[in-house]
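To keep things clear, I will list the structure first and then write my remarks on it.
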Amino acid sequence: MPIKIPDSLPATAQLEKENIFVMTEHRALHQDIRPLRVLLLNLMPTKITTETQILRKLSNTPLQIEVELLRTKSHVAKNVSEEHLETFYVSFDDVKDEHFDGLIITGAPVELLDFHDVDYWEELTRIMDWSKTNVHSTLHICWGAQAGIYYRYGVEKYELDEKTTGVFEHRVVKPSSPWVRGFDDRFRAPHSRYTNVRAEDIEANPNLEIIAESDEAGVYMAKSTDSRNFFVFGHPEYDRETLNVEYERDSKTHPNAPLPKHYYPNDDPAQPAESTWRAHAQLLYTNWLNYYVYQTTPYEIDAIGHEEAADGE
């Protein structure tokens, strides 16, 4: 997918180096099509890294997509310059009167806090309320998935005895879902979290369904039956080195930090890890964009919020 992002965004140079099709703003203006508009609410502290990871996943279909980066105003970011945020990000007030085909809400390192104790919780709930009428389809990731499924459907999160970290095997439990079209019956995906949601809580809600899960890591993919809200409780966007970076960081403050499971060869952190989840991660994003955004969103973007709910699949 040719993604349209600012020419000077740091992610642009990295993606072009990887031969990913990044469309210049000049070229995009001269194409006679309506691009998909996707809003990325980036809650991660490593904003530039997360921008690059997710933009990479949005870049592999023939569609043109225009990405807008959204920040919270009620939280002061400490790991990225204010200049970067002012240059490339918008606030909710900037976009609240606009419509978007898709919204992505990332994870955040606040899992051990009660949702209502997160300093930007009120702002996040305003955005989720707004998305009901101004966004066609929303994809929630990791803590963003826990926050979204709690606020929208009342599904609680629970603290784990030990951090779930590593690359785990999953199985597709609803192979008829277009979201997992092209997936193998079993596939691997990264997780990195201190809390989880329980399958029985999701199954008890008739408006939700589980799409893929892991015996070790629990629920991985779930969605609403009206196909408007999607929840991924892992980190499919992670690069090969991300879990290693997190493990080294955690080990500096917690000498007994758990080793990421099934990640290093022979569980030896001295050996470089291999990416074994990249293909399915790409399919996850591509299928969401194709089947639940592009094929069902109104052509007239201002009609978003007035269309009938998509059939659940």
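Keep in mind it's a predicted model, so treat the numbers as computed, not measured.
Across all non-hydrogen atoms, the minimal contact from H136 to I304 is N-CG2, 3.6 Å. Across L284 and P236, no two heavy atoms sit closer than the pair CD1-CG, 4.3 Å.
Residue F231 is found in a hydrophobic cluster whose other members, listed by chain and number, are I149, Y153, V155, V173, V197, I202, L208, I210, V219, F233; membership requires side-chain heavy atoms under 4.5 Å apart, directly or through intermediates.
Between the side chains of R152 and H140, at least one donor-acceptor pair of N or O atoms lies under 3.5 Å. Between the side chains of T242 and Q53, at least one donor N or O sits under 3.5 Å from an acceptor N or O. A donor atom on one side chain and an acceptor atom on the other are found under 3.5 Å apart for T195 and Q146. Under 3.5 Å, the side chains of Q295 and N290 contain a donor-acceptor pair of N or O atoms.
In this structure the side chain of L41 reaches within 4.5 angstrom of the side chain of T72, judged on heavy atoms. D185 places none of its side-chain heavy atoms less than 4.5 Å from the side chain of V172.
Between D129 and R126, none of the side-chain N atoms (NZ, or NE/NH1/NH2) sits under 4.0 Å from a carboxylate O, so this pair counts as no salt bridge. With respect to the salt-bridge test (charged N to carboxylate O, under 4.0 angstrom), the residues E274 and R240 do not qualify. The existence of a salt bridge linking R56 and D239 is confirmed by a sub-4.0 Å separation between a basic side-chain nitrogen and an acidic carboxylate oxygen. Ion pairing between R71 and E86 holds under the 4.0 Å rule for side-chain N and carboxylate O.
Under the salt bridge (Lys or Arg N to Asp or Glu O under 4.0 Å) criterion, R193 pairs with no residue, sequence neighbours left out. Remark: P269 pairs with Y247, L259, Y264 by the side-chain contact (heavy atoms from CB on, under 4.5 Å) rule, at least two apart or across chains. For E156, the side-chain contact (heavy atoms from CB on, under 4.5 Å) partners two or more places apart in sequence, or in a different chain, are Y150, Y158. Judged as a ring pair (Phe, Tyr, Trp, His ring centres under 6.0 Å), and not counting sequence neighbours, the contacts of Y120 are H75.
Y291 carries R181 over the face of its six-membered ring, with the cationic atom under 6.0 Å from the centre and within 45° of the normal.
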Start with the C-alpha distance between S224 and D226, add both sets of side-chain angles, then the distance that settles side chain to side chain donor-acceptor pair (under 3.5 Å), and finish with yes or no.
CA-CA 5 Å; S224 61; D226 66 1; 2.6 Å; yes
Trace of the side chain to side chain donor-acceptor pair (under 3.5 Å) decision for E216 with H191
CA-CA 10 Å; E216 284 188 90; H191 289 257; over 6 Å; no
Would H280 and Q282 satisfy side chain to side chain donor-acceptor pair (under 3.5 Å), going step by step from the backbone distance to the final call?
CA-CA 5 Å; H280 287 92; Q282 184 62 66; over 6 Å; no
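Pairs passing the side chain to side chain donor-acceptor pair (under 3.5 Å) check and including a residue from residues 249-258, sequence neighbours excluded, read K163-D250.
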